[in-house]
Every structure is written in C-alpha cells, then in structure tokens.
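Report on the following structure.
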Protein chains: 2
Amino acid sequence: MPTILDIARVSGVSKSTVSRVLNHHPHVSEDSRRKVEEAIKELSYVRNLRGVQLRLQRNHTIGIVVPLLDHPYFSRLAGILTKTCRDAGYKMVIHQTFFSQDAESEIYDALIHKEVDALILTHSAFSEEEIKSRVQDQIVVVCNEQFEGAQFDTVGVDEEEATFIATDHLLHQGAFPLIFCGDDMDSPLQQKRWEGFKRAHAHHGLECADTCCHNKVITIEDGVALGEERFRTASPPKGIVAGSDFVAAGLLAAANAVGLSVPEDVKIIGFDDHPICLTTSPTLSSISYALDEIALDLMGRLTQRLQGKNPEPLLIKRKPGLVRRGSS
Amino acid sequence: MPTILDIARVSGVSKSTVSRVLNHHPHVSEDSRRKVEEAIKELSYVRNLRGVQLRLQRNHTIGIVVPLLDHPYFSRLAGILTKTCRDAGYKMVIHQTFFSQDAESEIYDALIHKEVDALILTHSAFSEEEIKSRVQDQIVVVCNEQFEGAQFDTVGVDEEEATFIATDHLLHQGAFPLIFCGDDMDSPLQQKRWEGFKRAHAHHGLECADTCCHNKVITIEDGVALGEERFRTASPPKGIVAGSDFVAAGLLAAANAVGLSVPEDVKIIGFDDHPICLTTSPTLSSISYALDEIALDLMGRLTQRLQGKNPEPLLIKRKPGLVRRGSS
DNA sequence: GTGAAAGCGCTAACAT
DNA sequence: ATGTTAGCGCTTTCAC
C-alpha cells in the first residue's frame with residue numbers, strides 16, 4: 001500500500017507537494033502536478049483516510065439515527081438520506097436505537113468524540129433540550145421528528161396537522177368513535193400526532209378518551225394483533241388512525257378476518273403513502289410525505305453547517321397530503 | 001477533548017501505562033491501574049479511534065453491500081446484520097449499489113484501501129471470480145447471494161431448490177403456463193432461481209420459454225405494472241413465481257384490478273415470507289428464510305477471519321420452507 | 001512493572 | 001513554487 005512518501009520519491013518532489021496536488025491547492029507548477037499525477041496512477045495510490053482524519057480531526061462521515069431499519073418508512077428515509085449524503089461526498093453510518101434511550105445515548109457519545117462529523121435524527125426518545133445538553137455545539141439536524149427547531153435545524157411534515165387532517169377526514173365520514181395508535185407515545189412526534197387527533201375531535205365537538213390511544217404499535221403483526229383485540233369486542237371502533245401504512249394494513253387484514261367490512265363498518269387511514277396501500281382490499285387511504293424534497297432540504301442545511309457556517313436553527317414544515325382510497 | 005497524555009499527567013504515570021490499562025494488558029500494577037481508571041472517569045476520557053486505527057491499520061468497521069435499502073428483504077437483512085455486528089463490537093457502514101457495477105466497484109476499492117475491515121455481500125452484479133480478483137485477500141463474506149463458496153464464505157438459502165419448490169408447487173396445482181420475475185437476471189442469484197424454475201418444469205415434463213422470464217421487477221409498483229401488462233392479454237399466465245413478496249403483492253393487486261380471481265384464475269407465490277403476505281386478499285403463499293440464523297452463521301465465520309484465521313471458504317445452504325396460503 | 005521513543009499517513013505553518 | 005518540520009492520538013518495541 002503506497003503512501004504519499006512513495007509518490008514523492010517516484011515523482012521526485014517532496015511529500016508536501018504531493019499533498020498539495022492531492023488537495024487541489026493553487027500554486028503548484030504544472031510540471032510537478034503532472035509528475036505527481038503520473039506517479040499516483042503508476043502506483044495506483046489512494047489516500048489513507050485515517051491519516052487525513054487524524055490530522056484534520058474530521059471524518060467526512062455522517063451518522064443517521066433510526067429506531068429500526070426493518071420498517072418501510074425508516075428504511076426508505078435511510079435509503080434516500082444515505083444516497084443524498086453520498087452524493088455530497090460523505091459516508092453514512094446508520095445507527096439503530098430500537099427505541100432504547102441507552103442505545104441513543106451511545107450515539108451522542110460517538111458524536112461528541114467525533115466519530116461522525118454530524119448526526120441526522122429521524123426519531124428520538126429524548127427532548128430537544130436533553131439532546132442539546134448532551135451534544136453541546138456538535139452538528140445535529142432533525143428529519144421529521146417533531147421538534148420545535150429551537151436547538152436544531154428541523155425539516156419535515158407538520159405531523160399535528162397531518163393527524164388532524166386524517167382524523168377530521170374519518171370523523172367527517174361519520175366514523176366515531178376512533179382509535180389512534182403510534183409506535184412510541186413518549187416521543188415528541190407521537191405527542192404531536194396525538195394532539196392533532198384530539199384537536200380534530202374538538203373541532204367536531206366530540207370527546208376522545210385516553211383509552212383510544214395505543215402505544216408501541218409498529219409492525220404489520222402489531223396491527224393484526226391490535227385489530228384482533230379491538231374488533232372482537234361488543235362495540236368495535238368505527239375508525240382507526242394508524243401510525244403507519246404497515247400497521248394500517250395489519251389492522252385491515254384483522255378487520256377482514258373478523259368479518260368487519262371496510263370502510264362500511266370501520267374506516268382506516270395510515271401514514272406515509274407507501275405502495276403497500278395499493279395491495280390491500282380495499283386499498284388504503286394514507287397521509288403522504290414528500291421525502292425526497294425533505295432529504296434535499298435537510299442536506300442543504302447540513303452542508304452549510306459542515307462548512308462551518310452557523311446560522312440560527314431553521315424549522316421547515318411541509319404540508320402533508322391526504323390520499324383517499326378505498327378504506328375510508 | 002482529553003488524550004492519553006492528559007490521563008497520564010493526571011494519574012502520574014506514562015502514556016504507555018495508560019495505553020496498557022486501556023488495552024487490558026497484564027503486567028500492570030494494581031495501583032497504576034486504579035489511578036488511571038480514576039483519571040479516565042474524572043476527565044470522562046474516551047479513546048480517539050482514529051489514532052488507534054492509524055496505528056493498528058484496522059477500523060473495527062464492517063461494510064455491507066445491498067442493492068437498495070428501500071426494500072423489505074434487504075432492509076430487514078441489513079437491520080439484522082447491523083445489530084449482529086454491533087453486538088460483536090464492530091461498526092457497520094451500509095453501501096447501496098442500486099444494482100450498478102460502478103457503485104459496487106467503488107466499494108471494493110474502499111475495502112482494498114482498508115476503509116472497512118471486511119465486506120458482507122448480499123447481492124452482486126459480478127461473479128465470484130471477478131470479485132476475488134478485485135479484492136485479493138481482503139475479507140469478504142457472502143449472505144444469500146448464490147455463489148458457490150469457491151472464493152468466499154457463503155451462507156444462505158438454496159435458491160435453486162427454493163424456486164424449484166415454489167414452481168413445483170404451482171405446477172402441481174395445475175397452474176400452467178407460469179411466468180417468473182426477478183430483480184436482476186444478471187446476478188448469480190437470479191440465475192440459480194431461473195434454473196430451479198426450469199428444473200421444475202422439466203420435472204413435470206413441461207416446456208418453459210425464455211419469454212416467461214421478466215427482469216428488473218423489484219418493487220410493488222413494478223409488480224403492479226407487470227400484472228397490468230400480462231393479465232390483460234388474451235391468454236394470461238395461470239401462475240407466477242414472483243421474486244419477492246412485495247412484487248407478488250403488486251401482481252395480486254393487478255390481478256384483482258383486472259378481474260382475475262386468485263387463486264382460481266392465477267396462482268401467485270413470492271419469496272421471503274414477509275408479513276405483507278398476511279395483508280392481501282387472498283393472503284400470499286411464500287418461500288420462507290431463516291434470516292436470523294443465517295446472520296449468526298455468517299457473523300461467526302466473519303469473526304474468525306477478523307481474528308486472523310484463514311480456513312477454507314465454507315458454503316452453508318439452509319433449506320427453504322414453503323408457506324402455503326390463499327394465493328395458491 | 002514502567003517509561004522513552006519511534007512511527008502509522010497525512011496536512012499545514014513556516015521557511016526559503 | 002517547493003521543501004522541512006512538527007504533530008494529530010495512539011500502540012509497541014526496547015531499555016531499565
């Protein structure tokens with residue numbers, strides 16, 4: 001494995017000049033540049049990043065925090081963000097927290113010790129302030145977690161509004177009472193959604209009890225299980241605002257299995273507008289996000305910070321869309 | 001950010017001793033060890049990995065190659081493998097190739113230049129020999145890509161057999177002619193599957209034309225599109241072996257939309273036994289994999305190689321399972 | 001059992 | 001425009 005010293009020897013210049021060529025510095029003679037480039041090609045030299053990193057105290061690596069990868073929303077988001085970062089010349093390390101605060105804490109430690117140059121949060125079990133106190137002035141940006149943008153750049157969809165729209169839609173169709181389910185009711189995101197759910201009820205002059213809120217409903221199987229439980233009671237709910245399309249699909253399957261008709265007996269709506277919505281009978285209504293645009297917004301902001309700029313934290317909330325299909 | 005030198009100063013020993021404590025060397029006096037540990041706690045010191053890496057020429061980082069993350073099979077596999085690696089004390093960097101040979105080549109370069117200590121392949125657009133010639137004696141292990149295990153440790157399901165079972169099952173139900181679809185027919189995996197598909201036909205004394213093979217069918221939407229195209233012809237296929245459950249779900253939705261009954265008019269089977277199988281009407285038959293076991297097998301092997309052992313490449317092929325549901 | 005010193009590959013301030 | 005040199009944080013001989 002050749003080093004810049006080898007390149008220097010072969011091309012007959014000093015290693016500083018090699019470094020200058022490598023880093024596209026000005027003030028290098030055309031002649032030196034050519035010789036160095038030839039030597040690089042000849043020895044098929046590639047920079048050892050660890051040397052650079054040790055010297056520069058930078059990694060060109062960004063971390064992304066997701067609760068779990070085996071999830072249609074987070075895998076899609078991680079896929080898009082990874083590509084976006086790569087295109088911007090950064091490597092991406094994906095961290096799964098499995099909704100655990102301990103696992104999330106370790107990631108902040110990694111950031112503080114500069115194992116990554118910045119962190120993208122897509123979910124958190126902490127509040128914005130708690131995170132800020134941990135990470136100090138390290139770079140953190142937030143993607144579609146419902147922080148207020150007080151500490152970090154935050155871009156995403158207005159989740160309170162999204163849930164209001166979904167809930168209002170079901171209530172408007174005459175579905176009541178409703179139930180609501182989310183993956184982690186302790187997170188700010190789920191709290192926002194829950195507020196939107198309640199606001200829609202108030203808007204229609206209806207009461208909604210805390211008992212219609214279900215926590216830790218994440219996967220298709222969770223949706224099936226919740227449906228099996230709630231649909232078999234004497235008075236099953238008339239409508240469901242599900243935390244994701246996968247959960248919604250599971251609930252729909254349970255309704256079919258129990259013999260309830262969708263949307264006549266029970267109406268269902270999910271989040272994300274994932275293509276799974278097209279594969280159920282009836283097809284699933286959903287709230288849509290423009291993830292690609294969100295990713296670009298976020299990366300733009302992140303790039304600025306990585307270049308040392310330090311503007312006030314920004315909050316971008318995009319409008320969600322209602323995609324009405326067969327299930328409502 | 002404190003360094004071992006700070007620890008050395010505070011604890012009153014030399015930095016070599018600090019290093020020895022850090023690395024759990026023997027021959028350190030109990031007294032020194034205690035003082036160093038106190039200083040570490042006091043300054044909340046954490047090792048700077050880049051220093052270690054530069055010195056040791058190792059990263060404690062493993063790369064994983066997936067075609068794309070936004071895919072139920074690969075995101076699940078990536079999730080499991082990432083957790084398995086983390087538990088073994090390694091970081092994981094996920095690379096998406098988007099089925100491009102160029103993107104994949106870059107990853108091999110990264111391996112050669114030791115940006116990662118090893119690579120886990122879950123898909124490749126190259127042959128085993130081509131990869132070997134690129135990566136030389138760097139560590140590569142293969143997860144469920146159908147290599148022959150001549151060059152690399154390979155663990156996964158016998159895909160030829162899996163496809164034989166799926167195809168045989170449909171033919172046995174009287175479904176003929178069939179069509180077959182895969183994500184990337186140039187890959188060894190899809191070739192194996194295609195061979196299993198043909199072998200099942202031969203087993204039943206039936207012919208199958210190359211025209212029943214469809215390439216680059218990856219997502220739910222691809223499945224819908226393929227279904228719309230093939231189901232509207234005068235003589236639609238009687239059965240489909242789909243490359244993944246998502247594609248199968250898309251095909252099923254298209255069949256329903258076109259007015260074909262499943263399984264009466266057309267029978268469908270997918271791969272992976274993903275829970276989406278439970279959410280369609282009818283539910284989807286599928287070929288099941290034991291991914292968690294595969295991940296553990298693989299990690300065991302990988303750990304050995306990372307410890308410098310260099311046994312002959314191993315080939316583990318687990319038996320696939322047939323999960324019969326409503327669609328066949 | 002412990003410390004001094006060399007060096008992993010690289011960049012940048014300083015000198016020329 | 002180019003070379004010399006120090007040093008990023010760490011591990012590991014080699015002395016003692």
Side-chain angles (χ1 to χ4, degrees), chain A residues 1-40 43-61 89 91 109-110 112-117 308, chain B residues 1-40 43-61 89 91 109-110 112-117 308:
Chain A
M1 199 91 340
T3 73
I4 46 169
L5 217 63
D6 298 311
I7 302 299
R9 256 194 300 271
V10 170
S11 56
V13 300
S14 78
K15 63 178 185 152
S16 343
T17 300
V18 177
S19 175
R20 282 189 262 263
V21 172
L22 248 21
N23 292 290
H24 305 289
H25 279 222
H27 307 308
V28 178
S29 76
E30 199 42 59
D31 190 48
S32 302
R33 162 162 283 113
R34 200 183 33 70
K35 284 191 294 186
V36 167
E37 276 162 358
E38 276 167 12
I40 286 177
L43 303 188
S44 64
Y45 163 85
V46 175
R47 267 233 264 327
N48 182 328
L49 289 184
R50 277 165 300 285
V52 183
Q53 290 168 356
L54 184 58
R55 178 63 227 238
L56 260 41
Q57 306 285 37
R58 289 188 68 194
N59 273 321
H60 272 263
T61 299
K91 294 193 198 319
D109 290 342
I112 288 172
H113 296 292
K114 302 198 199 287
E115 287 178 41
V116 293
D117 295 336
Chain B
M1 198 91 337
T3 73
I4 45 171
L5 215 64
D6 298 312
I7 302 299
R9 256 192 300 269
V10 170
S11 56
V13 301
S14 77
K15 62 178 186 154
S16 333
T17 300
V18 177
S19 174
R20 283 190 262 264
V21 172
L22 249 20
N23 293 289
H24 306 288
H25 279 220
H27 307 308
V28 179
S29 75
E30 198 42 57
D31 190 48
S32 302
R33 160 163 284 111
R34 198 182 35 68
K35 282 191 294 185
V36 167
E37 276 161 358
E38 276 167 11
I40 287 177
L43 304 188
S44 64
Y45 163 83
V46 174
R47 267 234 262 329
N48 181 327
L49 289 186
R50 275 165 300 286
V52 183
Q53 289 168 358
L54 185 59
R55 178 64 227 235
L56 262 41
Q57 306 286 37
R58 288 190 68 195
N59 273 323
H60 271 264
T61 299
K91 292 194 196 322
D109 291 341
I112 288 174
H113 296 291
K114 303 199 199 287
E115 287 179 39
V116 293
D117 295 337

Any idea which heavy atoms bring A:Q57 and B:N48 closest together, and the distance? OE1-ND2, 4.0 Å
Under 3.5 Å, which donor-acceptor pairs do the side chains of residues 22-29 of chain A form with other protein atoms, sequence neighbours left out?
from	atom 1	to	atom 2	distance (Å)
A:N23	OD1	A:R47	NH2	3.4
A:N23	ND2	A:S19	O	2.8
A:N23	ND2	A:S19	OG	3.3
A:S29	OG	A:S32	N	3.1
A:S29	OG	A:S32	OG	2.9

What pair of heavy atoms forms the shortest contact from A:V10 to A:A39, and how long is it? CG1-CB, 3.7 Å
Does anything in residues 28-37 of chain A come within less than 4.0 Å of DNA chain D? Heavy atoms only, and list the residues if so. A:V28, A:S29, A:S32
Would you please name every residue forming a side-chain contact (heavy atoms from CB on, under 4.5 Å) with B:V36, sequence neighbours left out? B:I7, B:S11, B:V13, B:V18, B:V21, B:I40
Which residue pairs pass the salt bridge (charged side-chain N to carboxylate O under 4.0 Å, His left out) test when at least one of the two sits in residues 1-13 of chain B, sequence neighbours left out? B:D6-B:R9
Thinking salt bridges, do B:E30 and B:R34 make one under a 4.0 Å N-O criterion? no
So, taking the atom named CZ in B:R50 and the one named NE2 in A:H113, what distance separates them when rounded to the nearest 0.5 Å? 11.0 Å
In whole angstroms, how far is the C1' atom of C:dC10 from the NE2 atom of A:H60? 14 Å
Please enumerate all residues that pass salt bridge (Lys or Arg N to Asp or Glu O under 4.0 Å) together with B:K15, with sequence neighbours excluded. none
Assign a letter to each nucleotide of nucleotides 6-16 of chain D from its 5' end: B, base within under 4.0 Å of a protein heavy atom; S, sugar-phosphate only; -, no contact. BBBBBBB----
